[in-house]
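Take a look at the structure below.
Lettering follows sequence order; numbering is per chain, from 1. Only this structure's heavy atoms are used, side chains among them; waters, hydrogens and symmetry mates stay out.
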Amino acid sequence: MDNVAAIGQRPAHEEPHEQPGFLRRYIFSLDHKVIGIQYAVTGLLFLLFGFTLMMIMRYQLAYPMTPVPLVGNLLSPANAAGGVLLPEFYNQLGAMHGTVMIFLGVVPLAIGGFGNYLIPLQIGASDMAFPKLNLMSYWVYVAGGLVMVATFFVPGGSAQSGWTSYPPLSVIASAGQTWWLIGMVLLITSSLLGSINFIVTIVQLRAPGLTWMRLPFLVWAQLGASFLLLLAFPPLEAAGVLQLMDRVAGTSFFLPSGLVVSNRLMTTMTGTAADGLASGGGNPLLWQHLFWFLAHPEVYVLILPAMGIVGEIVANNARRPLWGYRHMVYSVGFLSFMSMVVWAHHMYITGMGTTLAAFFQTTTMIISIPSIVILTSLLMTLWGASIRFTVPMLFALAFMPMFGIGGLTGLPLGLAPSDIHLHDTYYVIGHFHYVVAPGTIFALFAGVYYWFPKVTGRRMNDVLGHVHFWGSFICMNVIFMPMFIQGLGGMNRRLYDGGAMYLHNAELLKWNVVIGIAAWTLGLFQVPFIVNFFTSIRWGRPADRNPWEATTLEWAAPSPPGHGNFDTTPAVYRGPYEYSVPGARRDFSPQSEQEPA
Amino acid sequence: MNFPGLPQQASAHAPQIDFVLGLEHWSMVVLFVAFFAYFAFVLVRFRQGAHPRADYHGMRSRWSLYVVAAIAISEAVLLAAFELPEWNDRINNLPSPEEATVVRVVAEQFAWNIHYPGPDGVFGRTDVNLVAADNPIGLDRSDPAGKDDITAINQLTVPVNHPVLIHLTSKDVIHSFTLYEMRVKQDAIPGTDSPVWFVPTITTEQMRQRLGKSDFEYEIACSQLCGLGHYRMRGFLNVVSDEEYRSYLAQEAQSLRR
Amino acid sequence: MQIPYTVETRPDTGLYNAKLGIWLFLASEVMLFAGLFSSYILLRTGSVAWPRHMLPVGLATLNTAILIASSMTMVMAWAALRMNNWARHRVFLGLTVLLGLVFLGIKLTEYREHIAAGELPSRDTFFAIYYTLTAVHALHIVGGLIVMLYFLGPGSRLWAQRPEQFTNRIESIGLYWHFVDFMWIFIFPLLYLL
Ligand code: HEA
Ligand code: HEA
Ligand code: CUA
Ligand SMILES: [Cu+2]
C-alpha cells in the first residue's frame, strides 16, 4: 500500500540546498501545518457558502413567494422564476446546506484544520505519521467538495432529498443525486485516510514523557472523533454504493415491490423489464439504518473537537487545571463507543416495535451522561478560577449554555413518545442547530481567535472580536430559540413556504420573519470577523511564542512554527493544564519546562 | 403541568404525551435556572479583577457528581415510568377491528388517499396494475369485497369517541402521516402496512366553537420530505358525531350506486 | 526532522507506524463489509423467495482455493525477505500476483456467463447483492494487485536502500491481502452455498 510510504527520507544534509518551489511549498506541501491551514481556509469558505444558501432560504421562509432581493435575479429561471425560488430549488438549497455545513464545513475545519495543525504540535511531533497520505486526504476532500458544488449545475439541479437522502425519493430524484453520492464516496475516502493518519500520529509520535494522561484534552477529543470517522463512515460508504446501484444499475436494494410513481407502475428501472420482473424486494428502511449508523456518530464528530477546543481555552483563561480531566477523558471514550449504538433514535416514527424502541431510548439516555459529565466539568473548572474575558474565552463560555440547550432538547427527542410530537418539526432543527451552530461554530471561532497568533505570529484585533462575538451571540439565539416555539406548536421542517399552507401554523409564521432578519444580521456580523481575519495576517499586533501564557506543547514552538516545528524535540514533564500550581514561580507551568525548583 | 405552546389536545392519549413533554421541559427550565444562577455567580465572583490568583484545587465538594446523578436518575425515572409504558400503549394496544373504525390511508406524492371497507367491513382487493388517475389506490371493483368500498382524497372522516385504526402505507416515497391535535405521527412507508390508532374526543364542530374560529379544521400534515410538493401535501380530518358519520357513509354508498 | 518509528517499533506500543495504520485501515474495511453483509441478511430475511443454486459453485470453489494459495505465497514472499532471499521473494510475490489475476479472470468469465444469460443486477435483489458484493471484493483484489505490481516494479528499489522498511511494506500489503482473502471466505458460502 502506498499509504505505508513514509517520507522525510531525504538525508538531512540535503535539505538546505533544496529550495522547494511555490507549488511544493504552499499547494502540495507535505507539512501538516500547511495542510492544516488549507483545510481550515477551505472549510471556512464552505461554511460561508453553506450560510449563504441558508440566507437565501430564509428569505423564502420569511416572505414566501416573493422575489429574493439581490440574488434572486442571478439565479437561473430553472431555479427561481422571476426571482422567486421554486420548491425544487428550495429543497436543493436545504439538502446542500446540510451537506455543505457538515461534510464540507465543520468536519474539515474542526478535524482537518485544527486536528492537522495542532495534533503534531500538541504531542511534540515534527509532522503527521503519513504526510503523503495527509496531502492526498486534503485533495480528495477538495475533489469531493467540487463535485458537490458542481451538482448545482447538472440538469435537474443538485441533490434535493435532504442531507439524509431517504430512498425511494432519492432513488427517483434527478441526476444531481448520483453526483451527490459520488461526492460522498470521495469525502468518505478522504475522512478515512485522515482518521488513520490522526490515530497513528497520536499513538506513535507522542514526545518522550507525554503519557496518555498528560495529553491535552483536545488531542483526546480528536482521537475519539477519528475513531468515529474510521468505523462509522464505511457503512455509509456501503449504503452509498447500494444507492448508486439502485440509481444507475437498476437494482432495488431500497425499493419495495409495487412502487407506483405518478400513477405509473415502476418496473425495473434500466428498462430490462423484458423478462417481466418488476422492481422490488428491497427495503427503504435499510438505507435509514445504514445512514444513521454513520450520521449519529457523525454528530459527535462535530461536537468532540469543539469540546476539545473549549477545554483548552477554558483552562487557559480560567488559569487553573481542567476540573475532572480524567473523567472528561473517560467520557470521550465512552461517548465514542456509545454513539455507535443509538442510531435508530432517528427512526422511532418509522413504526418501531417496543423492544427496539426500549433499547434505543435507553442507550440514548445513557449517551447523554458523558456529555453531561464533560459539560459539568467545564463548569466546575470555573470555580475558584481567575477568569480572563478574552475573545476566545467569550466564545468558549458561550459554548457551554448553548451546548446545554441543544443537548438537553435532545432528550425529549430521544424518548419515543415525546418524539411523536416533535419529530421532523422545527424543534429538531432548533435542537441540533444549538449544538452545531452556537455550539460547534462558536467553539471553532474560539479556536481561530486562540491559535491565530500561533499560526500567523500575529494577534487578531480585540475590538472587532468583541463586535463579532456579541453580534453573533445575540443573533444566533434570536434565530434558533423561536424554532423551539415553532416546533412545539407543530411546524414541520423542510417546508418550502415555511408552513404557510397549514392553518395550525398561522400563529407561528411571524417568527419566520424574526428569524430571517436575525439570520441576515448574523451574516452582517460575520463581516468584522472576515475583515479581522485577513487584515490581522498582515497588520495584527505581533505575538511571541506564548501570548496567552499557556502550558501545552504547541506554545513551546516558535510562532509560526518552522519546518519540523520545534527547535529541539520537546520532553514533557507534567500534565497539560498546570496553571496556578501552588509554590510555582508563575501562574502557568508549561509541559515542556523542567520546573526550576 | 402542560407546557405552553402545544397545539390543542383532541385525542384520548394526547394528555399523556403532553404530560411527558411537560415533565421534560419543566425539568429543563429548572436545570437552566440553576445553570444560569451558577454561571452568573462564577463569572462575576471569579473574574480576574475580583479573584486575581486562581485556586489550583478549585471546587472540592462533590456537587458535580450530585448534579450528574440527579439528571441520570430523573432520566431513568422518566424512561421507565412514563416513556416505555406509553410507547407500548401506542404500538401494542391496538384496538380490535370490531370496536374501531378501520380505514386504510395510502399516501402518494402529494395527497392522502382514504379507503373505507364499506358496509361489509372488508377491504376489497387492490392491485398496483389497476392504479390509474381515476383509481389512485388500484381498487379492484370486480372483487365482491371491493364493490362497496368507499374512497376519498384528502378527506378523512371519523366518528368521535370511537377508536380509529388506520392502516397506513404509501405508493411511492416515504411520507409521514401527522395529526398534531391528536398527537399522531407515523411514517407511511411503501411496501409496509403501519398501523396507527387514536381516539378522537372532540369533533371539528366542537373545536370550532371552543376556539371561536369558524374556519378551524383538523389538518393532516406530511412530515417527511417527499419531493417538491411536500409543503402542500395537506389533508383534512373531519371528526363528526355518530349520526353524521352514518349519514356520511350512507351518502357515499349512495353515490357509488349511481 | 525525521518521522520516527517508520521502521523500528515504538517500545511502549510495540508497533511501527505503518503496521498500526494498516490495522486501522482493515478495521474500517471490516465495517464496510459488515455494512454490505448486514444488507444481505436484511434483504434475504425480508424476501418472499430467495433464489438458490443460481451460481457456479465449482468455479467459485476453484477461486477459493486460488485465493487461499495466494495467501500462502504472500506469506512466503514476506518470509523470503526476512531470510534475506531476494530472488525467492520475487518469485513468490510474482506468483501471488499471478494467482490474483487468475482469480479475476475466473470472476470475469462468471460475470460474462451471467450477463449472457440475462442475469443482470437489475434482475432481482439476489443478483443485485451478488454483483455488488463480488464487485466490491474484486475491486479490493485489483487494488492489492496494483500495489504488489508496484513493489515488483519501481517500488522494489527500496530494498537496496532500506531493506527493513521494504520488508515492513510487504508485511503490510500481506496483511491487507489476507484480509481480502478472508472476506472471500465469507462471501463464498453466503452467496454460493447457503
Ligand atoms: C453536534 C451535533 C449533535 C449533538 C452533540 C447531538 C446530541 C444529542 N442528540 Fe441530536 N441531532 C443532531 C445533532 C446533534 N445531536 C442532528 C444534526 C440531528 C438531526 C438530523 C436530521 O434529521 O436532519 C439530530 C437529531 C436528533 C434526534 C432525532 C430527532 C428526530 O428526528 O425526531 C434525537 C433523538 O433522540 C437526538 C438526540 C440527541 C441526544 C440525546 C443528544 C445528547 O448527546 C445530548 C447530550 C447533552 C446534554 C444532555 C446536555 C449537557 C448537560 C447539561 C446542560 C447539564 C446541565 C448542567 C448543570 C445544571 C450543571 N438528536
Ligand atoms: C454543521 C452543521 C450546520 C450548521 C453550522 C448550520 C448553520 C445554520 N443553519 Fe442549518 N442545517 C444543517 C446543518 C447546519 N446548519 C442541517 C444538517 C440541516 C438539515 C438539512 C435537511 O433538511 O436535510 C439544516 C437545516 C437548516 C434549516 C431548516 C431548513 C428546512 O427545514 O427547510 C434552517 C432554517 O433556518 C437552517 C438555518 C441555519 C442557520 C441560520 C445557520 C447559521 O448558524 C449559520 C452560521 C454560519 C456562519 C456564522 C458562517 C461562519 C463562517 C464565516 C464567517 C466564514 C469566514 C470565512 C473566512 C474567514 C474565509 N439550517
Ligand atoms: Cu408527503 Cu411530505
Ligand atoms: Cu442521533
Under 4.5 Å from a heavy atom of chain B, the part of A:Pro284 involved:
side chain
How about A:Gln486 and A:Tyr427: does a side-chain donor come under 3.5 Å of a side-chain acceptor?
no
Counting only non-hydrogen atoms closer than 4.5 Å, does A:Tyr348 touch chain B with its backbone (N, CA, C, O), its side chain (CB onward), both, or neither?
both
Give the ring-plane orientation class for B:Tyr38 versus A:Trp383, where under 30° counts as parallel, over 60° as perpendicular and anything between as tilted.
parallel
For A:Phe403 and A:Phe399, take the angle between the two ring planes, folded into 0 to 90°, and tell me which bin it lands in: parallel under 30, tilted 30 to 60, perpendicular over 60.
parallel
Between A:Met400 and chain B, which part of the residue has a heavy atom less than 4.5 Å away: side chain, backbone, both or neither?
both
Please flag which part of A:Thr376 lies under 4.5 Å from any non-hydrogen atom of chain B: side chain, backbone, both or neither.
side chain
As an exercise: rank B:Ala221, B:Ser170, B:Pro195, B:Pro4 by heavy-atom pairs under 4.5 Å with chain A and give me the winner.
B:Ala221
Over 60° means perpendicular and under 30° means parallel, so tell me whether B:Trp63 and B:Tyr66 are parallel, tilted or perpendicular.
perpendicular
Taking B:Cys222, B:Gly229, B:Ala76 one by one, which has the highest count of heavy-atom pairs under 4.5 Å against chain A?
B:Cys222
Using side-chain hydrogen bond (donor to acceptor under 3.5 Å, both in side chains), reason through A:Thr390 and A:Asn317 one step at a time and then give a plain yes or no.
CA-CA 8 Å; A:Thr390 59; A:Asn317 288 283; 3.0 Å; yes
Could you please spell out the steps behind the side-chain contact (heavy atoms from CB on, under 4.5 Å) verdict for B:Lys185 and A:His421?
CA-CA 7 Å; B:Lys185 192 176 282 158; A:His421 184 60; 5.7 Å; no
Please classify the contact between B:Val67 and chain A as side chain, backbone, both or neither, with a heavy-atom cut-off of under 4.5 Å.
side chain
Portion of B:Arg90 that has a non-hydrogen atom of chain A nearer than 4.5 angstrom
side chain
Determine, step by step, whether A:Ile387 and B:Leu43 satisfy the side-chain contact (heavy atoms from CB on, under 4.5 Å) criterion, reporting the C-alpha distance in whole Å, the side-chain angles of both residues, the deciding distance to 0.1 Å, and the verdict.
CA-CA 7 Å; A:Ile387 302 169; B:Leu43 293 188; 3.9 Å; yes
Between B:Leu225 and chain A, with a heavy-atom cut-off of 4.5 Å, which part of the residue counts as in contact: side chain, backbone, both or neither?
both
Any donor-acceptor pair under 3.5 Å linking the side-chain atoms of A:Arg388 with those of A:Asn316?
yes
Taking side chain as C-beta onward, heavy atoms only, is B:Ile166 less than 4.5 Å from B:Phe198?
yes
So which of B:Gln109, B:Glu86, B:Glu219, B:Arg47 has the biggest tally of heavy-atom pairs under 4.5 Å with chain A?
B:Glu219
In terms of heavy-atom pairs under 4.5 Å with chain A, which of B:Leu79, B:Asp127, B:Leu78 leads?
B:Leu79
Between B:Asp18 and B:Arg183, is the closest basic N to carboxylate O distance under 4.0 Å?
yes
Side chain, backbone, both or neither: which part of A:Thr381 has a non-hydrogen atom closer than 4.5 Å to chain B?
neither
Given heavy-atom pairs under 4.5 angstrom as the criterion, report whether the side chain, backbone, both or neither of A:Ala500 touches chain B.
neither
Side chain, backbone, both or neither of B:Ile91 within contact of chain A (heavy atoms, under 4.5 Å):
side chain
Show the numbers, then the answer: is there a side-chain contact (heavy atoms from CB on, under 4.5 Å) between A:Arg494 and A:Asn91?
CA-CA 7 Å; A:Arg494 292 167 167 171; A:Asn91 289 348; 5.6 Å; no
Kindly indicate whether the side chain of B:Ser176, heavy atoms from C-beta on, has any atom under 4.5 Å from the side chain of A:Ile349.
yes
For the residue pair A:Asn492 and B:Tyr180, confirm or rule out a side-chain donor-acceptor distance under 3.5 Å.
yes
Under 4.5 Å from any heavy atom of chain B, what part of A:Asp497 do you find: side chain, backbone, both or neither?
both
Mind ranking B:Leu168, B:Val20, B:Ile189 by heavy-atom pairs under 4.5 Å with chain A and telling me who comes out on top?
B:Ile189
Please report the closest heavy-atom contact between B:Gly191 and B:Thr169, naming both atoms and the distance.
N-OG1, 4.1 Å
Contacting region of A:Leu397 [heavy-atom separation from chain B under 4.5 Å]
both
Contact part of B:Val184 toward chain A, heavy-atom cut-off under 4.5 Å: side chain, backbone, both or neither?
backbone
Report which part of A:Tyr579 has an atom under 4.5 Å of a heavy atom belonging to chain B: side chain, backbone, both, or neither.
backbone
Turns out that what part of A:Ser170 lies under 4.5 Å from chain B's heavy atoms comes down to neither
Measure from NZ or CZ of B:Arg45 to the centre of the six-membered ring of B:Phe41, then state whether that distance is under 6.0 Å and the direction lies within 45° of the axis.
no
Is it the side chain or the backbone of A:Glu88 that comes within 4.5 Å of chain B heavy atoms, both, or neither?
both
Chain B contact via A:Gln92 - side chain, backbone, both or neither, heavy atoms under 4.5 Å
neither
Under 4.5 Å to a heavy atom of chain A? For B:Asn88 that would be both
Over 60° means perpendicular and under 30° means parallel, so classify the ring planes of B:Phe32 and B:Phe36, tilted if in between.
tilted
Side chain, backbone, both or neither: which part of B:Ala72 has a non-hydrogen atom closer than 4.5 Å to chain A?
both
I'd like to know which of B:His57, B:Glu217, B:Gln16, B:Glu108 tops the heavy-atom pair count under 4.5 Å against chain A.
B:His57
Pick one of side chain, backbone, both or neither for B:Glu181, based on which atoms fall under 4.5 Å of a heavy atom in chain A.
side chain
Report which part of A:Leu508 has an atom under 4.5 Å of a heavy atom belonging to chain B: side chain, backbone, both, or neither.
neither
